Protein chains: 2
Amino acid sequence: MSRPAGRPPGRSPDGHGPAGLSRRALLEGVAAAGGAGAVIATLAALGGLPATPARAAAPALPRDGRRVLVVGGGIAGLVAAHEMRRAGWSVRLLEAAPRLGGRCLTLRGGDAVAESDGPGQRVAWDRAPHLYFNAGAARIPHHHRGILGYCRALGVPLEVLVNENRAALVEAPNGAPSGAVPLRRVQADLRGLVAELAVKGLGAGALPGPLSAAELEGLRRALRSWGALEEDLRYRGSARAGWAVPPGAGAEAPQPLAPLDPRVLLQPGLWRAAGFAEGIDYQATMLQPVGGMDRIALALGQALGDAVTTGAELLSLRRVEGGARATWRAADGARREAVVPAVLLALPAPVLARLDTDLSPGRRAALAALPQAGALKLAFLARRRFWEEDAAIYGGISWLARDATQIWYPSHGFHAAGGVLLGAYVWDEAVAGRIAGLDPAARGAAMAADGEALHPGYASETAAPVSVAWGRMPRALGAWADWTPAQRARDQAMLQAPEGPYHFAGDHLSWLPGWQEGAVLSAWGALEGLARPVP
Amino acid sequence: MSRPAGRPPGRSPDGHGPAGLSRRALLEGVAAAGGAGAVIATLAALGGLPATPARAAAPALPRDGRRVLVVGGGIAGLVAAHEMRRAGWSVRLLEAAPRLGGRCLTLRGGDAVAESDGPGQRVAWDRAPHLYFNAGAARIPHHHRGILGYCRALGVPLEVLVNENRAALVEAPNGAPSGAVPLRRVQADLRGLVAELAVKGLGAGALPGPLSAAELEGLRRALRSWGALEEDLRYRGSARAGWAVPPGAGAEAPQPLAPLDPRVLLQPGLWRAAGFAEGIDYQATMLQPVGGMDRIALALGQALGDAVTTGAELLSLRRVEGGARATWRAADGARREAVVPAVLLALPAPVLARLDTDLSPGRRAALAALPQAGALKLAFLARRRFWEEDAAIYGGISWLARDATQIWYPSHGFHAAGGVLLGAYVWDEAVAGRIAGLDPAARGAAMAADGEALHPGYASETAAPVSVAWGRMPRALGAWADWTPAQRARDQAMLQAPEGPYHFAGDHLSWLPGWQEGAVLSAWGALEGLARPVP
């Protein structure tokens with residue numbers, strides 16, 4: 001599941017960087033080393049160098065036929081097993097669920113959801129290729145080279161996922177009668193406001209020393225165009241925000257909307273929606289597998305063939321001479337066991353913490369102490385794609401100032417017969433807990449009522465809700481690990497390190513918890529440990 | 001063809017609005033009418049009201065069996081003929097070319113391009129569904145309800161077109177050695193700079209009167225998060241710009257890139273690239289038909305069936321008793337004629353101006369005087385999708401500070417075997433003219449050399465160039481009409497109005513020249529004239 005932006009700091013290192021560089025020269029008036037030569041040198045040093053690429057390939061493994069048991073058929077376990085098999089190792093992967101993918105869960109008509117409390121749910125939708133719900137992981141940033149590399153290698157077709165759509169809606173948070181504003185209007189008017197303020201900042205002597213009068217004038221011009229300001233450097237509305245009179249084919253000239261009241265623009269919810277897709281993991285281009293996120297896990301499973309055993313629930317793990325003994329209950333109910341030189345444990349932290357193992361008490365305590373986000377997603381079937389027909393919304397995300405938090409519109413199946421709408425994506429712990437406490441039908445009713453704030457008639461247009469509260473899913477026990485900086489400093493290296501025959505993988509061990517890429521990188525890290533010469 | 005943003009003002013009414021509203025109260029200190037009631041009232045009046053929707057349906061036509069000849073099988077003519085046929089009118093559409101669509105031209109392996117000067121071109125690509133080149137119209141904004149309505153009604157499948165991709169590159173315009181900066185870095189660093197300046201603008205007393213201390217503090221906090229500023233309200237880089245140390249699965253914490261040198265940020269080319277997708281017609285979500293833009297024209301043509309005659313070149317038009325006599329040369333070379341009560345002329349302005357007609361001299365002069373953009377597009381075949389494999393670029397547009405101007409990466413066929421890359425989209429008259437003056441092979445060589453600035457090895461990765469200089473296409477004689485405000489004021493209403501038996505349609509008559517939506521709206525406008533009771 002992809003973690004939304006705007007979360008408390010410290011969990012994602014956005015906005016924190018090395019100490020300021022010569023930017024200070026611009027803003028504080030310290031004279032910069034002048035001249036074109038200096039600019040070119042700086043360009044080469046700073047502007048031109050590509051960012052260090054993220055690791056994009058698995059480590060090379062010795063082709064020495066090792067034997068490894070992998071426990072957990074999410075992305076981390078699947079990727080690790082796939083690489084081991086490619087190296088000719090003897091690998092067996094056990095997955096407790098009847099299906100692969102873990103939190104890469106795609107639900108379709110007829111599927112069942114069983115949380116640990118409350119009644120089970122059955123998905124009451126037609127079966128059609130475009131009618132699915134990515135209840136967990138749902139988006140792939142274009143720079144997540146690891147997971148995308150597997151899509152490429154395994155032939156999983158990808159398509160664009162719209163993360164920011166300027167036609168999507170932002171609820172004005174005070175509950176005013178018609179308080180939903182298209183994101184285009186929020187973006188344009190905020191930009192106008194900020195640009196006007198920035199021009200004033202310029203005039204306030206913020207740029208003294210090194211800038212020539214011509215450069216200053218150039219910056220003023222740039223700010224004008226950046227914010228759609230008028231010639232007097234004021235913002236009086238812009239077509240970027242939308243049309244009061246749209247362009248037609250008659251005599252009347254189009255007219256842009258007037259700006260929103262500035263006090264409306266002070267609402268934090270608007271700024272949050274406007275900044276959301278700036279985050280490194282939320283920027284365009286975002287991608288999704290055609291037909292559902294589980295296609296990646298399925299492709300990895302297919303490549304692994306008979307090395308994968310589903311429905312195999314681990315019962316215990318013990319160190320023994322020559323490695324570890326694993327005991328599990330097979331899908332047919334029979335008890336099986338195997339002694340293997342190495343075990344890769346690719347399970348969510350709270351699941352691993354509760355297993356009957358002889359892992360060190362320190363590790364088990366750290367695993368149990370790792371906080372888990374209890375995020376929740378809910379989807380509806382809609383017989384009519386009212387968001388497209390009525391509001392010209394093709395994909396993207398609307399923001400609510402109520403429990404549902406976000407509505408996601410499908411980025412595929414445009415104009416098709418019906419669609420699956422994500423009616424709620426909630427990651428606030430208190431709100432998610434409140435919704436999770438309702439029975440499935442009541443969750444649906446509450447989220448349908450919330451949607452009315454953006455789309456009149458929403459509750460009657462939507463039906464057959466399905467929800468997944470990740471904190472209550474027995475094989476996940478959470479949506480993603482919510483490390484605190486203190487826990488990272490104390491426990492991360494220990495949790496990443498092997499322990500005797502045991503090795504570890506999972507997105508929670510990476511710096512990208514909640515992302516498939518974190519699972520891939522962690523699997524690659526574990527492979528390095530597994531590849532070390534046997535002592 | 002979709003007109004790029006950043007064109008001279010007056011052509012697209014972006015950034016011009018009604019006189020400033022209470023925004024001035026914020027920025028100039030005029031006291032706003034205070035209190036929550038006033039805010040809610042303003043919200044309802046300004047924030048909540050949806051923008052007037054653009055016209056999204058054709059006018060109702062009387063079902064009285066009229067007879068109309070339509071000349072021109074671009075979108076305007078096709079849409080008008082389709083609506084007339086739906087109303088049971090007797091309609092015949094003549095298209096001079098062997099294919100429908102006009103400037104909605106999709107080229108595939110084996111197709112030919114014949115400009116009026118210079119050697120012809122044959123597209124030397126394999127035939128595969130993802131290997132096509134939208135040489136004219138290439139994108140559909142989500143709010144272009146007219147053309148999208150036809151896609152929906154006629155079952156033309158749509159997919160997302162990525163217009164802004166933060167992984168795309170912006171060439172730093174001074175030709176420094178490694179002077180290509182990912183758009184994410186441009187966007188993040190500009191945002192940081194503007195936010196810092198805006199904070200200074202706040203501090204400079206730009207916000208006196210109506211804001212409380214708490215509101216001012218809220219705005220400061222909002223600007224901080226908006227610009228990824230640090231606690232002291234300074235920008236020192238952000239993960240939004242990319243990683244110096246990307247997140248991995250080891251001990252090392254990720255580190256964002258340091259900010260670009262501020263002088264680099266003063267380059268206008270960076271601001272242009274950063275503001276491009278803010279324009280109302282360039283915002284996400286943008287769409288494209290699966291398989292090529294010509295699918296829309298083909299679907300309209302299919303719906304029209306035998307009402308369409310291709311290869312039929314109009315020779316003359318004369319008013320006669322009972323309407324007009326049209327004479328044309330059919331595809332078999334034979335001369336045909338018909339007398340019809342009404343003729344809809346749906347041709348580009350310069351093409352219509354040159355025809356042998358008895359249109360009024362004033363109209364013909366105005367048509368001839370309407371300036372035409374001479375935009376040019378060029379595409380390459382690439383055997384390897386190097387932009388995806390090497391640079392993680394999935395769709396979107398890179399900006400060059402050289403003749404090629406833009407490179408477009410395909411938004412479809414991700415990870416497929418090869419792809420068609422738009423190697424140049426040029427709308428500057430002088431540059432387009434310079435390139436158009438080269439023979440096709442030389443155009444390809446020049447654009448391949450330009451691409452090296454962004455992608456080392458580009459020239460050897462790309463092959464089989466195909467280019468279309470719209471000013472030289474005999475049935476277009478331009479890419480789109482480039483109205484001046486003076487011409488609009490003087491000629492637009494006259495050109496839109498019928499003249500005796502003659503009616504007129506075409507994107508150039510709308511406020512959206514260069515867009516399919518303009519053609520649709522213009523067709524609908526012409527239908528209103530055609531539907532009036534016959535005198």
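Per chain, numbering begins at 1; letters A, B, ... match sequence-line order. Quick caveat, the model's predicted, so the values are computed rather than measured.
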- Query: Considering only heavy atoms, which portion of A:L223 lies under 4.5 Å from any heavy atom of chain B: side chain, backbone, both, or neither?
  - Reply: both
- Query: When only pairs under 4.5 Å are counted, which of A:S510, A:A167, A:G248 shares the most heavy-atom pairs with chain B?
  - Reply: A:G248
- Task: Please state whether the side chain, the backbone, both or neither of A:S225 comes within less than 4.5 Å of a heavy atom of chain B.
- Result: neither
- Is the closest basic N to carboxylate O distance between B:E278 and A:R191 below 4.0 Å? yes
- Can you tell which part of A:A253 gets under 4.5 Å to a heavy atom of chain B, answering side chain, backbone, both or neither? both
- Task: Return the option, out of A:G149, A:A198, A:G413, with the maximum number of heavy-atom pairs under 4.5 Å with chain B.
- Result: A:A198
- Query: Below 4.0 angstrom, N of the basic side chain to O of the carboxylate: do A:R152 and B:E389 qualify?
  - Reply: yes
- Does A:E215 have any side chain to side chain donor-acceptor pair (under 3.5 Å) partners at least two apart in sequence or in another chain, and if so, which? A:S212, B:R263
- Using a strict cut-off of less than 4.0 Å between a Lys/Arg side-chain nitrogen and an Asp/Glu carboxylate oxygen, indicate whether A:R236 and A:E230 qualify as a salt bridge. yes
- Message: Please classify the contact of A:E164 with chain B as side chain, backbone, both or neither, using a heavy-atom distance under 4.5 Å.
- Response: backbone
- Item | Any donor-acceptor N or O pair under 3.5 Å, side chains B:Y394, A:H143 | no
- Message: Please report the interatomic distance CG(A:L260) to CZ(A:R185), rounded to the nearest 0.5 Å.
- Response: 4.0 Å
- Item | Options A:G395, A:G218, A:A168, A:G250, ranked by heavy-atom pairs under 4.5 Å with chain B, top entry | A:G250
- Message: Please classify the contact between B:A493 and chain A as side chain, backbone, both or neither, with a heavy-atom cut-off of under 4.5 Å.
- Response: neither
- Query: Who among A:H412, A:E252, A:R221, A:Q187 has the most heavy-atom pairs with chain B under 4.5 Å?
  - Reply: A:E252
- Note on the structure: Here the gap from B:T285 atom OG1 to B:E159 atom CD, rounded to the nearest 0.5 Å, amounts to 13.0 Å
- Message: Does any backbone or side-chain atom of A:E388 lie under 4.5 Å from a heavy atom of chain B? Answer side chain, backbone, both or neither.
- Response: backbone
- Message: Against the six-membered ring of B:W226, is A:R272 placed for a cation-pi contact (under 6.0 Å from the centre, within 45° of the normal)?
- Response: no
- Task: Counting only heavy atoms closer than 4.5 Å, note whether A:L287 contacts chain B via side chain, backbone, both or neither.
- Result: side chain
- Message: Heavy-atom cut-off 4.5 Å, strictly under: side chain, backbone, both or neither for A:V162 against chain B?
- Response: side chain
- Turns out that what part of B:L158 lies under 4.5 Å from chain A's heavy atoms comes down to both
- Query: Under a 4.5 Å heavy-atom cutoff, which of A:A251, A:P157, A:A392 has the most pairs with chain B?
  - Reply: A:A392
- B:H144: side chain to side chain donor-acceptor pair (under 3.5 Å) partners, not counting sequence neighbours: B:D281
